Protein chains: 2
Amino acid sequence: MNTLKNGAAHAAGAASTPVIGGTRYKEVKNGILAALSAKEWKGGEAIPSEKRLSERFGVSIGTLRKAIDELVADNILVRHQGLGTFVAQHQRDRYFFRFFRVVRQDGEKSYPTVSLVSFTKAKATREVAAILGIEPNTRVFSFVNRLALHGETVMIDSITVAEERFAGLTEAALRERPSTLYNFYQDAFHINVVGTEERLRVATANEIESDLLEVAPGTPLLEVRRIAYSYHQEPVELRISHVNTARYEYVGPSASHEEPL
Amino acid sequence: MNTLKNGAAHAAGAASTPVIGGTRYKEVKNGILAALSAKEWKGGEAIPSEKRLSERFGVSIGTLRKAIDELVADNILVRHQGLGTFVAQHQRDRYFFRFFRVVRQDGEKSYPTVSLVSFTKAKATREVAAILGIEPNTRVFSFVNRLALHGETVMIDSITVAEERFAGLTEAALRERPSTLYNFYQDAFHINVVGTEERLRVATANEIESDLLEVAPGTPLLEVRRIAYSYHQEPVELRISHVNTARYEYVGPSASHEEPL
DNA sequence: AAGTGGTCTAGACCACTAC
DNA sequence: TAGTGGTCTAGACCACTTA
């Protein structure tokens, strides 16, 4: 077999960013993550073949595959046998229902019809700045979407993003985007949403919401506060949703394939 | 290297249950799952070493490890270097917050104080029977728990399980259980909850809930309908929770490490 | 036919735990 | 010291995709 001491001829790997982890495959994983953060490969693009990457990082194919295994498990990369390995891309028929979790009470899943209600530029409050990891008073974009399912408005989304990450975002571009919002973030700004945190509570409809949702003011709604993250837990979007759960409901976590603690 | 054709000397593996999958490691995974379902190893017990299992299933250690890798990712097994591989066991400090998702609005996690409010035997309605996968009119146990956090009652759980799976369950045993409910299911009935499905909507407090939660009748509450599953998606528990989200909230999914679609 | 990822092997060495 | 899982290697062969 001629197996030699592992650390012996380390060769250090010509990783573009020599991030150091406890083990070789973690180093490789971090190296790929760093290349992704540096936008070396963009959403939907193929990354180099396993053979090439194993040479680049100076590890065996098995070790390289273990690193990619984890990135695939994290929904950051996607493998296609015979084709290559790709940067995961948000699409209507892929990942959409991982982030859109409102379904009809009979379980029927359906794509929402989204319409932009408002679009404004503002300065970040201290609270919003802390969430988005930017300086207070930095400029942000805030916009509101109305989402309808089966012809009925069931949900109002209030979305805030930092201008410094979404330079040049316009109301027109938002309206004319051809696919999902997160797909638009990828294509137009090379920002890849790879995870979210959500907190839910009961709230009551204010005037705008009651108007759009066609319910009485004060009607109890399900409030979802979401922070969306890119690589390395970088917060890129704050979203507060209000859902009318009279005929729809929110699909919670499945508690298998879940993070520890 | 002397690598020989993979399928050549298949040896078929002396799996206790010869479940067939598309690949060897899937076969091994199903074989281990079948042994778990057959209660060959119980919650918290060690399963045989990787070497022994690789001999039992007639595969190399690498293949055996790939099967166990997936079972570990599914939170069904737990590895401890130097000790062995164990059947995952529900404990206060392990897995608890994967299933208990209510936290204070400042994010503070805390263990609830649980008190049993009622315990009854009944017959399954058609709807409950369908959910639990039993015949209508089969006997079930129904009990109600009140959960308090920081001294305040925030949540009422209505739980239903089939008598045929929980033979001999008594109110006293429930009250005297030393650990968490799912740990009790494991120790007393060898039932391992490994996943859940949850649906959330807004509901209003009925008289019992308003009384226990000390809110006015009709106060909007967060309603969580959960089905808990054992191996092979066997439904073992139905739980309907009502949460007062005035000072607490529900932690949603993180949308990384999540199942497809 | 060439190139990609997918599976599987047979082993060496390391790190950790118990006795 | 013996036994366990954790990492890593070097390669063979399979399945799939594109051309």
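A quick note: this is a predicted structure, and the numbers were derived from the prediction, not measured. Naming: A, B, ... by sequence-line order, numbering from 1 per chain. The figures that follow rest on heavy atoms only: side chains count, while hydrogens, waters and symmetry mates do not.
Residue B/R24 places at least one side-chain N or O closer than 4.0 Å to OP1 or OP2 of C/dT9. Applying the 4.0 Å criterion to OP1 and OP2 of C/dT4, one finds that A/R79 has every side-chain N and O outside that range. Look at A/S60 and you'll find a side-chain N or O under 4.0 angstrom from OP1 or OP2 of D/dT9. OP1 or OP2 of C/dG6 sits under 4.0 Å from a side-chain N or O of A/R65. The phosphate of D/dG3 has neither OP1 nor OP2 within less than 4.0 Å of any side-chain N or O from B/K51. Phosphate contact (OP1/OP2 of C/dG3, side-chain N/O of A/S49, threshold under 4.0 Å): absent.
Computed from coordinates, the A/K26 NZ to D/dC8 C1' distance equals 15 Å when rounded to whole Å. Between A/I61 atom CD1 and C/dT7 atom P there is a gap of 14 Å when expressed in whole angstrom units. Separating the CG atom of B/D69 from the C1' atom of C/dG6 is a distance of 15 Å, rounded to the nearest angstrom. Residue A/E50 contributes atom CD, which lies 16 Å from atom P of D/dA10 at whole-angstrom precision. Atom-to-atom, CZ of A/F57 to C1' of D/dT9 comes out at 18 Å; the value is rounded to the nearest Å. Between the P atom of D/dG5 and the CD1 atom of B/I68 lies a distance of 7 Å, rounded to the nearest Å. One can place CG of A/L71 at 15 Å from C1' of C/dG5, the figure rounded to the nearest angstrom. At whole-Å resolution of the value, NE2 in B/H80 and C1' in D/dT4 are 12 Å apart.
Within residues 82-92 of chain B, the residues that place at least one heavy atom under 4.0 Å from DNA chain C are, in residue-number order, B/G82, B/L83.
Aromatic ring pairs are classed by plane angle as parallel below 30°, tilted from 30° to 60° and perpendicular above 60°; the pair B/F189 and B/F184 is perpendicular. Ring geometry for A/Y111 versus A/F96: interplanar angle of 30 to 60°, hence tilted. By the 30° and 60° cut-offs, the orientation of the rings of B/H150 relative to B/Y248 is parallel.
Ranking D/dT9, C/dC8, D/dC16 by closeness to the A/Q81 side chain, first place goes to D/dC16. Closest contact between the side chain of B/K66 and the listed nucleotides C/dC8, C/dT7, D/dT7 involves C/dT7. Each of D/dT7, D/dT9, C/dT9 was ranked by its minimum atom distance to the side chain of A/V59; first place goes to D/dT9.
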The test is salt bridge (charged side-chain N to carboxylate O under 4.0 Å, His left out); show your working for B/K29 and B/D74 and say whether it passes. CA-CA 11 Å; B/K29 181 180 178 183; B/D74 293 344; 3.3 Å; yes
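One finds a salt bridge joining B/K51 and B/E55 here, because a Lys/Arg side-chain nitrogen approaches an Asp/Glu carboxylate oxygen to under 4.0 Å.
For the atom pair CD of B/E249 and CZ of A/R199, the computed distance is 5.5 Å after rounding to the nearest 0.5 Å.
In summary, of the residues considered (B/R225, B/R226, B/R239), a salt bridge (charged side-chain N to carboxylate O under 4.0 Å, His left out) with B/D157 occurs for B/R239 alone.
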